[in-house]
Amino acid sequence: MKIHDVIVIGAGPAGSAMATHLAQEGYSVLLLEKGVFPRDKVCGDFVSPKGLFYLEKLGCYEEIAQRGYTPIQRVSVHLNGSQLYEGALPRLPSYLPFAHAIPRNELDEILFRRAQKAGAVTIEGCQVLGFHTTPRMVNVEAQEGRRKRRFVGRVIVGADGANSVVARFADLAMNDARYIFPSIRGYCRGLASTEAILFVDEDFFPGFGWIFPVRGDLSNVGVGMVKETLSKHHISVKDFFKKFEIFVKSLAKRTGKAVEIEAPKGWAIKSYGGARQNYFERGLLIGEAACFVDPISGEGIPLALESAELGFETLQMAFDRGDFSVNTLSTYERRWRERWDPDLKVSDLVVSLIRNRYLLKFWIQSFRVMGMTALRDENYALKIGGIMAGLVPNREGFSPDIVLKSLLHGPSFWMEAFNIGKHDTVLDTLRCGVDWFNWELDVFRHLVSDYEWFQAWASEVNEKQSDLYQLLSNIPPRSTQI
Ligand SMILES: Cc1cc2nc3c(=O)[nH]c(=O)nc-3n(C[C@H](O)[C@H](O)[C@H](O)COP(=O)(O)OP(=O)(O)OC[C@H]3O[C@@H](n4cnc5c(N)ncnc54)[C@H](O)[C@@H]3O)c2cc1C
């Protein structure tokens with residue numbers, strides 16, 4: 001039986017990118033995929049300029065450029081059914097000045113063919129059932145049609161996504177409901193928009209809906225929300241999609257068109273907050289199998305491609321040393337933490353905060369204030385938009401510049417933010433004050449009735465923010481020039 005240098009499980013973006021890197025450098029790679037290309041993968045399909053940068057590095061962009069995807073250069077944000085913000089995405093010199101939404105049945109096939117061209121041996125329709133490690137090898141068991149198969153390699157890479165079998169067999173699977181986001185996606189015909197549209201609704205917060213234009217009048221539409229919140233507050237992600245569908249149809253109506261939304265499909269996202277050890281004797285996890293998804297934007301494609309690169313560099317070192325022990329492979333975790341912790345821990349902290357739905361009114365108000373500030377200050381808008389699109393490091397969201405700009409406004413701004421019009425009387429203003437007072441009483445009532453949860457939430461937030469404070473005080477601050 002042939003002994004492969006590396007067996008990669010899963011041919012999503014992470015697995016195909018890893019197989020390409022390895023094959024290009026002359027390693028013998030076997031890439032096993034349970035689907036048969038072209039195959040669908042439930043996703044928002046949004047590939048940010050950073051994602052396009054990594055696709056270009058792999059030599060896949062030329063083909064993408066020929067397929068006529070809509071260049072996405074603008075974004076609009078809707079809060080509770082009204083448009084809160086509309087503006088341009090930032091342009092950074094090292095990236096293309098637009099994003100694309102690339103259906104995964106197309107993107108993943110392009111990446112898969114790239115790996116084949118680089119020399120990876122591939123088997124489609126081959127589902128990996130498990131593996132075990134011996135002192136010198138890794139044995140992989142799989143099912144291809146009715147046939148049971150066995151493969152042998154020196155190293156295994158789990159690139160098999162959110163429900164990773166490799167993570168499960170390595171005893172590293174993450175199942176914490178705080179870091180899992182059940183999501184639903186459908187394709188929609190009839191909206192000829194060229195901007196990304198984000199939809200936030202307080203009934204389904206913290207979560208958001210998206211419309212990403214693919215090409216022509218085809219868009220990818222969907223919603224996602226934190227699993228812990230869904231079960232704790234008895235909210236259904238299907239109901240979220242239904243409400244979102246009404247919004248999508250209302251957008252089409254404004255332009256006199258009718259839309260058709262296909263039956264949506266669901267899948268869960270595993271986010272960075274749940275990322276922990278993802279190396280083991282003779283193996284690594286990459287991409288979403290390792291929970292590499294930005295918790296705020298839900299973007300996992302750029303991180304899948306980047307983690308393939310980081311994992312590949314670690315494997316190269318391990319092959320040079322002839323040592324695949326956990327000690328050598330732990331370099332991988334050191335590298336990805338150095339690169340991502342300062343930003344993705346910011347996203348994770350933000351999601352941890354807003355997971356507290358008892359403080360909903362406060363979060364929605366803060367979101368409104370940010371949207372209104374963005375409308376008044378272009379640089380602020382570009383920074384926040386850049387953070388959402390993965391272009392500006394997330395830590396810049398906590399920079400004094402952004403925090404002060406969010407807070408330092410004149411009285412007329414605050415009156416508008418709190419819905420107090422010029423013609424409102426003192427009584428109206430008092431009514432607004434009473435509303436907030438009642439809300440505070442409500443929060444207090446919840447604090448008493450759900451004390452254990454509140455306490456766990458507060459200590460989680462406290463731990464995360466002091467960890468982040470330490471981390472950020474040990475590295476130089478960043479300020480992206482836009
Ligand atoms: C609804 C939704 C919307 C999203 N929107 C976006 C977005 O707009 N932009 C973005 O960047 N990210 C988005 N994401 C996240 C993104 O889809 C993932 O992070 C990304 O696909 C991760 O890539 P991957 O290669 O690690 O895993 P995957 O893309 O999940 O690929 C895993 C591969 O492994 C194969 N596989 C699984 N198990 C086995 C097995 N046992 N044997 C063999 N093969 C196996 C699968 O068939 C698949 O091909 C979204 C996710 C969801 C669920």
Side-chain angles (χ1 to χ4, degrees), residues 7-19 30-48 50-52 54-55 72 99-105 107-109 111-112 122-131 140-144 149 151 157-169 180-186 196 198 207-212 214 220-225 237 241 264-272 278 285-295 297-308 311 389-390:
I7 303 182
V8 180
I9 317 300
S16 289
M18 172 61 101
L30 175 64
L31 175 60
L32 301 177
E33 165 58 45
K34 71 174 176 188
V36 176
F37 288 98
R39 62 103 184 86
D40 187 23
K41 149 78 177 84
V42 178
C43 184
D45 300 339
F46 183 83
V47 185
S48 63
K50 192 172 178 188
L52 293 176
Y54 280 99
L55 289 170
I72 304 173
H100 282 316
I102 309 176
R104 294 291 298 275
N105 62 355
L107 176 69
D108 291 18
E109 184 168 20
L111 279 156
F112 181 68
T122 59
I123 308 180
E124 295 169 70
C126 183
Q127 176 162 15
V128 169
L129 306 172
F131 75 93
V140 175
E141 295 92 44
Q143 178 99 28
E144 190 188 358
R149 301 208 51 183
F151 304 98
V157 173
D160 45 348
N163 293 334
S164 170
V165 169
V166 180
R168 219 166 47 234
F169 269 75
I180 299 176
F181 310 155
S183 309
I184 298 186
R185 171 233 65 186
L198 301 180
F208 71 89
W210 67 83
I211 303 175
F212 296 141
V214 175
N220 179 314
V221 299
V223 299
M225 198 172 162
V237 75
F241 193 82
K265 291 182 187 168
W267 193 252
I269 298 177
K270 288 195 173 168
S271 79
Y272 194 79
N278 42 28
L285 301 173
I286 59 173
E288 201 169 328
C291 301
F292 292 151
V293 176
D294 186 320
S297 64
E299 253 196 293
I301 297 169
L303 295 174
L305 299 172
E306 219 176 327
S307 69

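Just so you know, ligand 1 is whichever comes first in the structure, and atom 1 is the first atom listed for that ligand. Just the heavy atoms: all of them, side chains too, but no hydrogens, waters or symmetry mates, feed the values below.
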Closest non-hydrogen protein atom to [atom], residue and atom name please, with distance?
atom	answer
atom 35 (C) of ligand 1	Glu33 OE1, 3.2 Å
atom 19 (O) of ligand 1	Glu288 OE1, 2.6 Å
atom 44 (N) of ligand 1	Lys34 N, 3.1 Å
atom 38 (N) of ligand 1	Asp160 CB, 3.6 Å
atom 13 (C) of ligand 1	Gly298 O, 3.2 Å
atom 8 (O) of ligand 1	Phe46 N, 3.0 Å
atom 2 (C) of ligand 1	Cys43 CA, 3.6 Å
atom 27 (O) of ligand 1	Gly161 CA, 3.6 Å

Between [X] and [Y], what is the shortest heavy-atom contact and its length?
X	Y	answer
Val47	Leu52	CG1-N, 3.7 Å
Glu33	Gly12	OE1-N, 4.3 Å
Ala11	Phe112	CB-CD1, 3.7 Å
Ala308	Met18	CB-N, 3.6 Å
Cys126	Phe151	SG-CE1, 4.0 Å
Val42	Gly266	CG2-O, 4.1 Å

Distance filter under 4.0 Å to [X] heavy atoms, resulting ligand 1 atoms:
X	answer
Trp210	1 (C), 3 (C)
Ile301	10 (C), 11 (O), 12 (N)
Arg104	16 (C), 17 (O), 20 (C), 21 (O), 29 (O)
Trp267	53 (C)
Gly287	26 (O)
Ser183	1 (C)
Arg39	48 (C), 49 (O)
Ala304	23 (O)

Given side-chain contact (heavy atoms from CB on, under 4.5 Å), test Leu107 with Leu55 step by step and report yes or no.
-> CA-CA 10 Å; Leu107 176 69; Leu55 289 170; 3.8 Å; yes
I need the [X] [atom1] to [Y] [atom2] distance, nearest 0.5 Å.
X	Y	atom1	atom2	answer
Leu305	Ile286	CG	CD1	9.5 Å
Asn220	Ile102	CG	CD1	12.0 Å
Trp267	Lys41	CH2	NZ	7.0 Å
Phe212	Cys43	CZ	SG	9.0 Å
Lys265	Ile184	NZ	CD1	13.0 Å
Tyr54	Glu306	OH	CD	3.0 Å

Only heavy atoms count here, so choose which of [options] is nearest to [atom].
atom	options	result
atom 41 (N) of ligand 1	Val128, Ile184, Leu31, Asn163	Val128
atom 28 (P) of ligand 1	Lys41, Arg185, Gln143, Arg168	Lys41
atom 12 (N) of ligand 1	Ala162, Ala159, Pro302, Gly300	Gly300
atom 23 (O) of ligand 1	Pro13, Gly12, Ser16	Pro13

For Ala14, is at least one N or O under 3.5 Å away from an N or O on ligand 1?
->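 Yes.
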N or O contact, Asp108 vs ligand 1, cut-off under 3.5 Å |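 So ligand 1 has no N or O lying under 3.5 Å from an N or O of Asp108.
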Can Lys50 and Asp294 be said to form a salt bridge (Lys or Arg N to Asp or Glu O under 4.0 Å), step by step?
-> CA-CA 13 Å; Lys50 192 172 178 188; Asp294 186 320; over 6 Å; no
Answer yes or no: is there a side-chain heavy-atom contact under 4.5 Å between Leu285 and Val166?
->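 Yes. Closest side-chain heavy atoms under 4.5 Å.
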For ligand 1, which part of [X] has a heavy atom less than 4.0 Å away: the side chain, the backbone, both, or neither?
X	result
Cys126	backbone
Val293	side chain
Ala101	neither
Val165	side chain
Phe292	neither

Qualifying residue, where the test is side chain to side chain contact (heavy atoms under 4.5 Å, CB included) with Arg149 and the options are Glu144, Gln143, Glu141 =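 Running side chain to side chain contact (heavy atoms under 4.5 Å, CB included) over Glu144, Gln143, Glu141 with Arg149 returns exactly one hit, Glu144.
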Look at ligand 1 and say whether Phe181 reaches it with a heavy atom at a distance under 4.0 Å.
->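 It does not, in that no heavy atom of Phe181 comes within the 4.0 Å cut-off of ligand 1.
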